[in-house]
Structure formats: C-alpha cells, structure tokens
Protein chains: 2
Amino acid sequence: MRYSKTHKDETRLKLLSSSRAITKKGGFSVTSVDTLMSAVGMTGGAFYNHFPSKQALFQAVIEEEVENSREMLAGDEDSSDDHVIKWLRKYLSVSHALHPDEGCVLPTLGPEIARAGPEVRLVVEQGVKSIQKAWSARTEDSDAAWAIIAQCIGALALSRMVETDETRQEILHANLRVIEKHHLRKPDNQ
Amino acid sequence: MRYSKTHKDETRLKLLSSSRAITKKGGFSVTSVDTLMSAVGMTGGAFYNHFPSKQALFQAVIEEEVENSREMLAGDEDSSDDHVIKWLRKYLSVSHALHPDEGCVLPTLGPEIARAGPEVRLVVEQGVKSIQKAWSARTEDSDAAWAIIAQCIGALALSRMVETDETRQEILHANLRVIEKHHLRKPDNQ
DNA sequence: GTCTATAGCATGATAGAC
DNA sequence: GTCTATCATGCTATAGAC
C-alpha cells in the first residue's frame, strides 16, 4: 500500500493539532477548510477523509481543548498555593494575551461555542464544572471558584481588545492582584 | 426627487441599529451584507451607498455600542449603591445571557474586536478605560473596578457557553455575590 | 437613493482518477 | 489515502438602469 497503516491516524492528529492553533488565533468559522489543510500540506478535498464536516472538526477541536484545560488544572497533583499562583500568573500574562494560538480556548472561541449546538456546549459545561470543582478546594468558597474562572476569561478577552500594551498589562495585573487578595485560600488556613 | 432629503440618513440609522442587534446575536464576520440589508428591506447592493465597506460598518457598530455602554455607566447621574447593584443584577442575569442582541457587545463580539484593526481597538480601549474610571468611584480601589469589568464580561460569556440553565444561573449568581461581597464600596464608607 | 445584474473570488462539499 | 476537478452556493464590491 502507498501509505502506512498509521498514516491516516497521524494525519488526523496533525490536522487536529494545527487546526486548534490556527482557529484559536483567527477564529473558526472564518477559517477555510483549504487553509486548515494547507497547513498540514494537503488540499482541501482530502479533509473529508478525516472529518464528515467542518462542524465535526469544531466539535473535536473544542473537546481536545477542554480536556487539555481540565488536565492542566483538575488533574494537577501539585495543588500548592505556590503552584496555583504560578499558574494564574501565566494565564493572566501579556504573553498569553499576545499568543491566543497557544492559550486557552474560551476567551478566543467563546462566542462561537455559545452559538454552536448542544453537543459542543455540553462538553464545555462538563469541562468548566469540573474545573470549578477543582478550584473550589483552593478558594474561600465555591462562589470564589466561579469568580476566578470568569475573571480569568474576561480579563484575557478584554486585554486582547485594547490597543496599547500599557492598558493590556494594567488589566491583567489588576485582575491578578484582586484574585490573590480576595479569592485564594490563605496559606495559614491550611 | 423620489426620496426625501433625510431618507438616506434615516436608512443609515436603521441599518446601523438593526446591524448592531443582528451581528451581536450571530457574529459579525459570518453575517452577510445581504442579510443585514434584507433586515431593513433592501438588497445587498444598496449597502455601499451607506458604508464604503463591511469593515467600516463593523467600526461604526463598535463605536455606537461602546458609546452606548459608556453612557449607561459613566454618564449615569444616579450612582447610588442601590442603582449600581440593580445595574449589576441586570447585567449578570439569565435574561441578558439569553438575549445577546439587546446586550453588551464585549462578551459576544470581543474576539472579533481583538482581531480587528487598531482604529477599532483604540475606540474600545478609550471606552473601557472611561468605564473603569467611573467604576473606581464606587469600588474599594481601582483594581476592583477592572475586576468587576472582567468578571462581568467573563461570567456572561461563560454563561452562554454552557448548555443547561442551571449551570448558567449558577455562574451568574455566584459572580454577582462575589462582586457584592468583595468589590463594591461599602455604604458605611460613604 | 435604491434597484438589478454581474464581476470575481472563496466557500463547503462531492466524485472519480491514481 | 490523497489527489485534482468540479458543483452549487456564498461572499464583497461595482456598474448602470431608473
């Protein structure tokens, strides 16, 4: 045979991985199938050997992204305060704001998720609920966990809407300070 | 003449107003010029008598939305605690989450703003900075003002990504409670 | 000022060669 | 399993009739 047995699987993985980055940067619906396929060195027609529709790819992208986010938090063994603060500093960083392709899906594809079908939204709901549950162990109460999640998503989204780096940094740093001050469980309470 | 002198102005206003609602609901880039013009009873070609390009309409939409948001807060004379809390309850409501066409632009068109040109982002930056300044008078410090803004945007965006009404309400109410508890200036401090 | 018609191109998806 | 070719449709934008 012209292609190895695992070639299709490898192609699918490469396609998914590159599509995740490209669509987080530029938006999903505005990015064409041709663009996504060119990125893995193929033409548009070959796409439909891997996914039945563009919509199916969106679902797969979101599922992988949500699972990825969950692992970075919920499945994390080192839940020390120091580690949590380090994670927050990375999330609420100018570097994260300037590189949406390598970052969290929710601030960049959020509205497209909101307009998607129930299957996609259910996946996201399960994901954020499990993240909220994981955060609750480290916050003052369960409300604070939802507050941190909303604040992280909102601050990052907002920081990308402004033009100057000064304001971008001001938004991110202010939100980081507020989370550290109000929401995180204090070390002496442990 | 077949059309009154003010007809063009009226059409432009109607077009802008209906485009604001339609694109906040469905997304700007995915909505066609034909769709927007049909909504005001005209065909696609007539669009270019009012705006030089679709991108120019986007800028006009964002400018009007930002100005509208600013007026609802910054230019608000009644800045009593009661009034502020009422506003927050309305913003963080299930009704707002379910009707993006009548609500705040930032949670629904945020990523499209982030991907737009510097002109659009500058307008948004000036707008949110003036909103943050207005909030600062009612919060414990200026960081808290940024936190409220980020939390509102993030909570609303997140509440629209989940499928069930239960989770939607949980997210919104939790964030409302946290803002009331931590960030607002206490009445006895006035 | 609005219309129809159309250019010119990109899109999502399919069929068949290899 | 991937390719090229193609379909039908959609898009932004323009030209010219009325």
Side-chain angles (χ1 to χ4, degrees), chain A residues 1-20 22-62 109 111-113 115-117 119-120, chain B residues 1-20 22-62 109 111-113 115-117 119-120:
Chain A
M1 59 184 68
R2 282 213 290 161
Y3 300 95
S4 75
K5 268 169 68 177
T6 59
H7 190 185
K8 184 172 181 178
D9 292 344
E10 288 168 8
T11 300
R12 194 195 139 102
L13 286 178
K14 262 203 305 188
L15 173 58
L16 238 176
S17 160
S18 91
S19 295
R20 285 166 62 188
I22 294 171
T23 61
K24 279 195 289 182
K25 187 181 181 74
F28 187 87
S29 50
V30 297
T31 306
S32 72
V33 170
D34 264 3
T35 301
L36 297 174
M37 292 304 283
S38 299
V40 292
M42 294 191 217
T43 31
F47 173 81
Y48 296 92
N49 289 323
H50 303 282
F51 293 96
S53 67
K54 202 193 174 194
Q55 169 62 27
L57 171 65
F58 183 65
Q59 179 147 358
V61 163
I62 300 300
L109 294 185
E112 300 201 61
I113 293 170
R115 295 172 193 126
E119 311 86 13
V120 174
Chain B
M1 60 183 71
R2 282 212 290 164
Y3 301 94
S4 74
K5 268 169 70 178
T6 59
H7 190 185
K8 185 173 181 179
D9 292 344
E10 287 167 10
T11 300
R12 194 196 139 102
L13 285 178
K14 263 203 306 189
L15 173 59
L16 239 177
S17 159
S18 90
S19 295
R20 284 166 62 188
I22 294 171
T23 60
K24 279 194 290 182
K25 187 180 181 75
F28 187 87
S29 49
V30 297
T31 306
S32 71
V33 169
D34 265 1
T35 302
L36 296 174
M37 292 304 284
S38 300
V40 292
M42 296 190 219
T43 35
F47 173 82
Y48 297 92
N49 290 321
H50 303 281
F51 292 95
S53 68
K54 202 193 174 195
Q55 169 63 27
L57 172 66
F58 183 64
Q59 178 146 358
V61 163
I62 299 300
L109 294 186
E112 300 200 63
I113 293 169
R115 294 172 194 126
E119 311 86 13
V120 174

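So you know, we letter chains A, B, ... as the sequences are listed, proteins then strands, and number each from 1. All of these numbers come straight from a predicted model, not from anything done at the bench.
Between the CE atom of A:M37 and the C1' atom of D:dT4 there is a distance of 14 Å, given to the nearest Å. The CG atom of A:L36 sits 12 Å away from the P atom of C:dA13 (whole-angstrom rounding). Atom-to-atom, CZ of A:F47 to P of C:dG12 comes out at 9 Å; the value is rounded to the nearest Å. Spacing between atom CZ of B:F51 and atom C1' of D:dT14 amounts to 18 Å, rounded to whole angstrom units. Between A:D34 atom CG and D:dT6 atom C1' there is a gap of 13 Å when expressed in whole angstrom units. What separates CG of B:N49 from C1' of D:dC18 is a distance of 14 Å, to the nearest Å. When rounded to the nearest whole Å, the span between CZ of B:F58 and C1' of D:dA13 equals 20 Å. Atom pair A:M42:CE and D:dC3:P shows a separation of 6 Å (rounding to whole Å applied).
Within 6.0 Å of NZ in A:K54 there are more than 12 heavy atoms belonging to other residues, nucleotides or ligands.
Side-chain nitrogen and oxygen atoms of B:Y48 include at least one within less than 4.0 Å of the OP1 or OP2 phosphate oxygen of D:dA13. For D:dT12, neither phosphate oxygen OP1 nor OP2 lies less than 4.0 angstrom from any side-chain nitrogen or oxygen of B:S53. Distances shown here put every side-chain N or O of B:H50 at or beyond 4.0 Å from the OP1 or OP2 atom of C:dG1. The side chain of B:S32 contributes an N or O atom lying less than 4.0 Å from OP1 or OP2 of D:dC11.
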Inset, instruction - Quick one, give me the B/S/- string for nucleotides 4-9 of chain C, reading 5' to 3', where B means a protein heavy atom under 4.0 Å from the base and S means that only happens at the primed atoms, P, OP1 or OP2. - result: B-----
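B:R20 is linked by a side-chain hydrogen bond (donor to acceptor under 3.5 Å, both in side chains) to B:E64, B:E65, counting only residues two or more places apart in sequence or in another chain.
Within the model, atoms CE of A:M42 and CG of A:L36 stand 12.5 Å from one another, a figure rounded to the nearest 0.5 Å. The distance from the CG atom of B:L109 to the CZ atom of B:R115 is 11.0 Å, given to the nearest 0.5 Å. Once rounded to the nearest 0.5 Å, the distance linking OG1 of A:T11 with CG of A:N49 reads 9.5 Å.
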Inset, instruction - Apply side chain to side chain contact (heavy atoms under 4.5 Å, CB included) to A:T43 and A:D34, showing your working. - result: CA-CA 6 Å; A:T43 31; A:D34 264 3; 5.6 Å; no
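Taking for each of A:V33 and B:T11 the nucleotide of DNA chain C with the nearest heavy atom, the 5'-most of the two is the partner of B:T11.
Looking only at distances, a side-chain donor or acceptor of B:E112 sits under 3.5 Å from a matching main-chain atom of B:F28.
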